[in-house]
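Only heavy atoms go into these numbers, but all of them, side chains included; no hydrogens, no water, no symmetry mates. Since we're looking at a predicted model, the values are computed, not measured.
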Amino acid sequence: MAKIAIMGFGTVGAGVAEVARMNRDVIASRLGEEVYVKYILDVRDFADSPYADRMIKDFSIIENDPEVEVVVESIGGAKVALDFTRRALLAGKHVVTSNKELVATHGRELLEIAREKNVNYLFEASVGGGIPVLRPLFQCLAGNEIEEIYGILNGTTNYILTRMVKGGISFADALKEAQAKGYAEKDPTADVEGIDAGRKICILSDLAWGKEVSPAEISMEGISSIHLKDVDIAAAAGYRIKLLGRALRLEGGRQAAYVAPHLVSESCPIATVDDVFNGIMIRGNAVGDVMFYGRGAGDLPTASAVMGDVIDAIQHRAKRRDLGWSQGADLVAAADLPMRWYLRGDFSLDDARTVCGQAEELAQGAVITGTMTEVEAKAAAEKLGAVSMLRVL
Ligand code: HSE
């Protein structure tokens, strides 16, 4: 029997306990031994929980119990979670997490400790919720040079955008719904302003190219300033507005990563990813485009990925999975990437062509420009008096 501890009994932690209970037999038959939740650590009281007898408040009980092999960290944030993760790894325990903030900001250091202590630090659930995407990236696609990754990495904002377009409800009401369903972060700013998606695109970049890209280094823009009018114009012209995380490998091994809303043509499969679902496209130089799709948030989907890592950690007790990345990514700013832009304002197509050189009309006063950098697009938007400016994938 493999004994595990869960730290943090919120949406994800409770989901992990539930998956361990509901799938106990199938997990035991696959692994050849049962996975037993010995402790659940939380500062709150859960007197009525079926796990009340295993609830503890003192981390050192887990740290000092040699029977606990795997610790699931679902506390979130990068303070207490960082301290407990470091200590659990130093105590020789495998750690599995869904905590994208911690992996994106301290993953390199924690993986280094895991390497020194010969244990696993696994974080499949930190990107794409229940979608298997990190393991396919670092394992199944290891024979490729990864050229580009882009996708919908935040379920809350995708849910909000979908409900606004299809349900005609306000941004505030859609956000409340997402929070009630347990998709949003405690502070929804991280979702709405693109920070959560930013952490995830950093983790994908770290694994794809082996160089650390930290959230502080990249530009992140959310959906709070999207106008419904632009959503409607885009839809009528065959585009959907989606919040995308995007990472690219450029010439000479340089890299770029950013988060921003984009117009995505309906002919691209990513445009059809709705509600809380995430969709991630990875382009490898041998495989071409591969898309990963599924539930990007929620208790059981996220717990599914966590439990997969718990099983993998136990299967790699003796020979750990060799994961890690170094410092020194050579980053190009998102503002310097040439791309097409959507501009809307009180201008004619002729005006747009005079200013931008090239422009395709989507509606009266709404165009898609030719390829230009953000600085050039901003200058064009200013000359045209544009009120909206968005990237086009
Ligand atoms: N708040 C996140 C989201 C949870 O909405 O995608 C999953 O990481």
Side-chain angles (χ1 to χ4, degrees), residues 1-59 61-76 80-81 84-85 88 91 93-100 102 119-132 134-135 155 180-186 276-277 294-317:
M1 181 185 287
K3 294 190 176 152
I4 72 168
I6 299 172
M7 304 194 295
F9 200 50
T11 303
V12 177
V16 173
E18 176 56 10
V19 169
R21 185 201 61 76
M22 137 180 130
N23 292 340
R24 189 185 60 191
D25 294 345
V26 72
I27 291 169
S29 75
R30 291 208 178 108
L31 191 54
E33 60 187 307
E34 197 181 315
V35 171
Y36 178 76
V37 179
K38 185 167 183 183
Y39 303 115
I40 299 175
L41 178 82
D42 203 292
V43 287
R44 298 164 293 177
D45 290 316
F46 294 89
D48 298 333
S49 160
Y51 305 101
D53 59 330
R54 308 178 212 182
M55 303 293 311
I56 55 168
K57 292 185 194 290
D58 179 2
F59 170 71
I61 295 173
I62 296 172
E63 189 178 23
N64 295 319
D65 185 339
E67 279 192 352
V68 174
E69 271 193 83
V70 183
V71 177
V72 172
E73 184 273 296
S74 46
I75 299 170
V80 175
F84 289 178
T85 300
K93 301 181 188 305
H94 308 282
V95 177
V96 168
T97 190
S98 57
N99 185 341
K100 51 262 160 155
L102 189 60
V119 290
N120 294 284
Y121 181 52
L122 300 175
F123 41 87
E124 180 64 63
S126 65
V127 179
I131 308 170
L134 299 187
R135 203 169 264 90
K181 286 173 183 276
Y183 302 149
E185 302 299 309
K186 275 180 214 143
V276 72
F277 286 87
R295 288 181 192 280
D299 54 357
L300 296 186
T302 309
S304 156
V306 169
M307 193 51 77
D309 275 353
V310 168
I311 293 167
D312 200 35
I314 295 165
Q315 285 170 333
H316 287 84
R317 274 178 179 124

Closest contact, heavy atoms only, [X] versus [Y]:
X    : Y    : value
V71  : A88  : CG2-CB, 4.2 Å
V70  : V310 : CG1-CG2, 4.2 Å
R54  : V37  : NH1-O, 2.9 Å
G76  : A81  : O-CB, 3.6 Å
L122 : R135 : CD1-NH2, 4.0 Å
G182 : T11  : O-CG2, 4.1 Å

What distance do [X] atom [atom1] and [Y] atom [atom2] have between them, rounded to the nearest 0.5 Å?
X    : Y    : atom1 : atom2 : answer
L300 : S304 : CG    : OG    : 9.0 Å
I62  : Y39  : CD1   : OH    : 8.0 Å
D58  : E63  : CG    : CD    : 9.0 Å
F9   : D45  : CZ    : CG    : 12.5 Å
I27  : R21  : CD1   : CZ    : 11.0 Å

[X] side chain near [Y] side chain, heavy-atom distance below 4.5 Å:
X    : Y    : result
I75  : N99  : no
V119 : K93  : no
D299 : E18  : no
T97  : T85  : no
L102 : E73  : yes
D312 : E124 : no
V127 : K100 : no
I314 : H94  : no

### Query
Got a sec: does the CZ of R30 have more than 12 other heavy atoms crowding it under 6.0 Å?
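No, because the 6.0 Å sphere around CZ of R30 holds 12 heavy atoms or fewer from other groups.
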### Task
Give a yes or no on whether K38 atom NZ has more than 12 heavy-atom contacts from other residues, nucleotides or ligands under 6.0 Å away.
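Enclosed.
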### Query
Between the side chain of T302 and the main-chain N/O of G298, is any donor-acceptor distance below 3.5 Å?
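At least one qualifying donor-acceptor pair exists.
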### Message
I'd like to know if the side chain of D42 reaches the main chain of R44, judged simply by a donor and an acceptor atom lying under 3.5 Å from each other, with no hydrogens or angles considered.
### Response
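Yes, the answer is positive, given that a donor and an acceptor are paired below the 3.5 Å cut-off.
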### Task
Apply side chain to side chain contact (heavy atoms under 4.5 Å, CB included) to V43 and K57, showing your working.
CA-CA 5 Å; V43 287; K57 292 185 194 290; 5.6 Å; no
### Message
Angle between ring planes, F84 versus F59, binned at 30° and 60°: parallel, tilted or perpendicular?
### Response
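F84 and F59: parallel rings.
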### Task
Give a yes or no on whether a salt bridge exists between K3 and D65, defined as a side-chain N under 4.0 angstrom from a carboxylate O.
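D65 and K3: not salt-bridged.
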### Query
Could you go step by step and tell me if V80 and M7 meet the side chain to side chain contact (heavy atoms under 4.5 Å, CB included) rule?
CA-CA 10 Å; V80 175; M7 304 194 295; over 6 Å; no
